[in-house]
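Okay, so here's the structure we're looking at.
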Amino acid sequence: MPLHMTKIAYRTKSLDALREWVEAGDEAHMHTRYLPKRHEEMIGGSLFWILDHAIVARSEILGFVQRPDSHWTIRLAPLLVPVEPKHKRAHQGWRYLEDKDAPRDLADGEEPGVAIPGRLHGRLTKLGLI
């Protein structure tokens, strides 16, 4: 099973805007300063996008390429796949996501629903209701 990663869709206002960016060309690129230690396991996995404290979509990871400035480019397939929204705290950079913890893809025509807002999710978790 491939390993996945999560990343905040920084400066993205909506899922439609993210879709436009990801699907604009032959391939999408995400830049990162460091190569993930487990990068070989991530090829064929997905980058799960976080928008408004929820994982909302994913893009397949095609590979990693080093740039002339020693940073790295994450090559992504030019397709954004909507997933069942899942609460995720904000974080800097990227985080690994095991396959068992990844949200499922939405079927064609399936409505995504709404993820529970972060603050409410935290309170319900503390109460043991989630």
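Along the sequence shown, residues carry numbers from 1.
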| Are Leu18 and Val81 connected in the hydrophobic side-chain network, where two residues link if heavy atoms are under 4.5 Å apart? | no
| Taking everything shown except Arg104 itself, do over 12 heavy atoms lie less than 6.0 Å from its CZ? | yes
| Stepwise side-chain contact (heavy atoms from CB on, under 4.5 Å) check, Leu76 with Val22 | CA-CA 8 Å; Leu76 302 171; Val22 169; 5.6 Å; no
| Residues, nucleotides or ligands: over 12 heavy atoms within 6.0 Å of Gln66 CD | yes
| task | Quick one: which residue pairs count as a side-chain hydrogen bond (donor to acceptor under 3.5 Å, both in side chains) with a foot in residues 6-19, not counting sequence neighbours? | result | Thr6-His91
| If you take all heavy atoms of Val83 and Asp105, which pair is closest and at what distance? | CG1-OD1, 3.6 Å
| query | Is there a path of hydrophobic side-chain contacts, each under 4.5 Å between heavy atoms of I, L, V, M, F, W or Y residues, that connects Leu62 with Trp94? | reply | no
| If every non-hydrogen atom of Pro2 is compared with every non-hydrogen atom of Ile43, which pair is closest and at what distance? | CB-O, 4.5 Å
| request: Decide yes or no on side-chain contact (heavy atoms from CB on, under 4.5 Å) for Glu23 and Leu79, but give the supporting numbers first. | output: CA-CA 5 Å; Glu23 296 180 356; Leu79 177 65; 3.6 Å; yes
| For His71 against Thr32, the heavy-atom pair lying closest together | CB-O, 3.5 Å
| task | With side-chain contact (heavy atoms from CB on, under 4.5 Å) as the test, would you mind laying out the steps for Leu80 and Leu15 before giving the verdict? | result | CA-CA 9 Å; Leu80 192 69; Leu15 186 57; 3.9 Å; yes
| said: For a side-chain contact (heavy atoms from CB on, under 4.5 Å) check, start with the C-alpha distance between Phe64 and Thr73, then their side-chain angles and the critical distance, and finish with the verdict. | reply: CA-CA 6 Å; Phe64 297 84; Thr73 296; over 6 Å; no
| query | Say you draw a straight line from CG of Asp52 to NE2 of His87; how long is it, rounded to the nearest 0.5 Å? | reply | 12.0 Å
| Where do Arg89 and His53 land on the side-chain hydrogen bond (donor to acceptor under 3.5 Å, both in side chains) test, with the steps shown first? | CA-CA 6 Å; Arg89 297 182 329 150; His53 301 281; over 6 Å; no
| Rounded distance (nearest 0.5 Å) linking atom CD of Gln92 with atom CD1 of Ile8 | 8.0 Å
| query | For the residue pair His4 and Ala102, what are the closest heavy atoms and their distance? | reply | CD2-CB, 4.1 Å
| Donor-acceptor contact below 3.5 Å, side chain Arg58 vs main chain Ile55 | no
| field | Check ion pair Asp101-Lys86 (N to O, under 4.0 angstrom) | value | no
| field | Side chain proximity check, Phe48 to Arg95, heavy atoms < 4.5 angstrom | value | no
| request: Would you give the length of the straight line joining atom OG of Ser46 to atom CG of Leu3, rounded to the nearest 0.5 angstrom? | output: 10.5 Å
| field | His29 versus Arg75, side-chain donor and acceptor atoms under 3.5 Å | value | no
| message | Do the side chains of Glu98 and Arg38 get close enough for a salt bridge, i.e. N-O under 4.0 angstrom? | response | yes
| Rounded to the nearest 0.5 Å, how far does CG of Leu97 lie from CE of Met5? | 10.5 Å
| Any side-chain heavy-atom pair from Leu106 and Glu84 closer than 4.5 angstrom? | yes
| Atom of Tyr34, atom of Trp72 and distance for their closest heavy-atom approach | C-CD1, 3.8 Å
| query | Same cluster or not: are Val65 and Ile61 linked, directly or through other Ile, Leu, Val, Met, Phe, Trp or Tyr residues, by side-chain heavy atoms under 4.5 angstrom apart? | reply | no
| remark: Between Tyr96 and Lys37, the two heavy atoms sitting closest are OH-N, 3.2 Å
